[in-house]
Amino acid sequence: MNKTNLDSITVGGGCFWCTEAVFQEVKGVQTVISGYTGGNAPGKPTYREICSGLTGHAEVVKISYDPTIITLYDLLQIFMTTHDPTTLNRQGADVGTQYRSVIYYRDDYQKKIAENILADVAPLYENPIVTEVSPIGIFYEAEDYHQDYYKNNGSQGYCQVVINPKLAKLRKLHATKIK
């Protein structure tokens with residue numbers, strides 16, 4: 001992978017442990033960092049503050065990838081088909097604005113691709129898509145114990161019940177894009 005030509009996109013699709021685990025399996029992805037963005041709380045927020053719902057921040061992952069191996073469109077297609085983009089501020093049992101479905105763009109190109117993918121996947125869902133497309137703000141890296149969560153805790157109950165089905169869906173729908 002050519003580290004000098006990496007690009008990045010930041011997305012939120014519920015609990016960042018799930019989203020991180022999905023993208024760590026995708027060809028062309030070099031790093032996936034769990035964190036927070038999209039709010040307006042002063043200073044670096046803590047997980048506890050995020051969970052209160054008062055910061056306005058979402059749980060997100062910053063995905064660094066090689067666009068010569070995987071396109072932004074393909075990454076966003078994976079994102080939109082491995083979580084439920086039709087539930088407002090909720091993914092499964094996780095409820096609150098910090099679990100919203102959102103794509104944070106850095107420039108007009110990323111915004112256009114995000115808008116295109118929303119339109120392209122809309123027919124796949126019975127309910128309307130509620131995924132936000134918003135400009136990226138300050139990205140705050142989450143605490144160390146949130147990084148590589150599935151890799152470090154794969155046998156934990158949450159991983160088995162919530163993350164494993166998402167990984168199975170990834171492997172089924174996007175088999176050619178798996179490392």
Side-chain angles (χ1 to χ4, degrees), residues 1-3 5-38 47 50 57-87 91-92 94 98-107 109-111 113-114 116-118 120-121 124 129 131-134 136-137 139-154 156 158-179:
M1 220 176 289
N2 186 344
K3 292 183 182 185
N5 293 325
L6 294 179
D7 202 350
S8 67
I9 188 73
T10 302
V11 298
C15 176
F16 48 32
W17 298 341
C18 297
T19 313
E20 176 191 67
V22 165
F23 284 102
Q24 285 178 330
E25 291 202 7
V26 176
K27 283 184 208 172
V29 171
Q30 180 171 343
T31 60
V32 184
I33 302 170
S34 292
Y36 319 108
T37 195
Y47 182 66
I50 298 300
H57 288 299
E59 287 192 19
V60 297
V61 294
K62 180 179 180 183
I63 304 162
S64 295
Y65 66 98
D66 184 336
T68 66
I69 297 173
I70 189 158
T71 67
L72 176 59
Y73 185 92
D74 286 343
L75 283 174
L76 293 180
Q77 185 177 46
I78 291 168
F79 170 66
M80 294 299 293
T81 56
T82 55
H83 82 289
D84 184 350
T86 68
T87 54
Q91 286 298 303
D94 294 328
Q98 68 271 28
Y99 300 116
R100 65 188 175 269
S101 176
V102 59
I103 300 169
Y104 288 104
Y105 62 87
R106 288 191 349 263
D107 55 33
Y109 170 76
Q110 287 188 342
K111 181 181 181 184
I113 297 298
N116 288 345
I117 196 68
L118 293 182
D120 291 351
V121 300
L124 301 175
I129 290 177
T131 303
E132 295 175 22
V133 176
S134 300
I136 186 75
F139 174 84
Y140 298 98
E141 191 170 321
E143 296 84 350
D144 286 345
Y145 69 94
H146 291 298
Q147 308 304 327
D148 296 316
Y149 191 83
Y150 182 78
K151 286 182 180 179
N152 295 327
N153 301 281
Q156 189 243 22
Y158 184 89
C159 295
Q160 294 293 310
V161 173
V162 178
I163 299 176
N164 279 350
K166 289 180 183 281
L167 294 175
K169 190 173 190 180
L170 168 72
R171 293 174 190 128
K172 180 180 179 184
L173 296 175
H174 304 285
T176 61
K177 295 179 179 80
I178 304 301
K179 290 179 181 173

Open item on the list: I'd like to know if the side chain of Gln156 reaches the main chain of Tyr158, judged simply by a donor and an acceptor atom lying under 3.5 Å from each other, with no hydrogens or angles considered.
Closed with: yes
Task: Those residues that, when tested against Tyr140, pass ring-ring contact (aromatic ring centres under 6.0 Å, His included) (two or more places apart) - done: His57
TODO: Report yes if the side chains of Asp120 and Tyr73 come closer than 4.5 Å at any heavy-atom pair, otherwise no.
DONE: yes
Open item on the list: Side chains of Leu170 and Phe23, heavy atoms from C-beta outward: is any pair under 4.5 Å?
Closed with: no
Open item on the list: Please check this pair: side chain of Lys179 against backbone of Val29, looking for a donor-acceptor N/O pair closer than 3.5 Å.
Closed with: yes
Open item on the list: The criterion is side-chain hydrogen bond (donor to acceptor under 3.5 Å, both in side chains); which residues satisfy it with Tyr150, sequence neighbours excluded?
Closed with: Asn164
Open item on the list: Does any part of the side chain of Tyr105, heavy atoms only, come nearer than 4.5 Å to the side chain of Thr10, both counted from C-beta?
Closed with: no
Open item on the list: Tell me every residue that passes ring-ring contact (aromatic ring centres under 6.0 Å, His included) with Phe79, counting only those two or more places apart in sequence or in another chain.
Closed with: His83
- [ ] Examine the side chains of Gln91 and Thr87 and answer whether a donor and an acceptor come within less than 3.5 Å of each other.
- [x] yes
TODO: State whether the number of non-hydrogen atoms from other residues, nucleotides or ligands found under 6.0 Å of Asp144 atom CG is greater than 12.
DONE: no
Open item on the list: To check you understand the geometry: which heavy-atom pair defines the closest contact between Pro67 and Asn5, and what is its length?
Closed with: CD-O, 3.2 Å
Open item on the list: For a quick check under 3.5 Å, do Thr82 and His174 share a side-chain donor-acceptor pair by atom type?
Closed with: no
- [ ] With sequence neighbours left out, write down each residue that passes side chain to side chain contact (heavy atoms under 4.5 Å, CB included) with Lys169, or none if nothing qualifies.
- [x] Leu173
Task: Partner set under ring-ring contact (aromatic ring centres under 6.0 Å, His included) for His146, not counting sequence neighbours - done: Phe16, Trp17, Tyr47
Task: Residues, nucleotides or ligands: over 12 heavy atoms within 6.0 Å of Lys177 NZ - done: yes
Task: Residue pairs involving residues 7-25 (criterion salt bridge (Lys or Arg N to Asp or Glu O under 4.0 Å); sequence neighbours excluded) - done: Asp7-Arg106, Glu25-Arg171
Open item on the list: Main chain of Ile70, side chain of Asp74: is a donor-acceptor contact present, judged purely on distance under 3.5 Å?
Closed with: no
TODO: Say whether, by atom type as modelled, one donor and one acceptor occur between the side chain of Glu59 and the main chain of Gly35 under 3.5 angstrom.
DONE: no
Open item on the list: Under a 3.5 Å cutoff, is there a donor and acceptor pairing between the side chains of Tyr145 and Asn152?
Closed with: no
TODO: Would you check if there is a donor-acceptor pair between the side chains of Asp148 and Gln24 at a distance under 3.5 Å?
DONE: yes
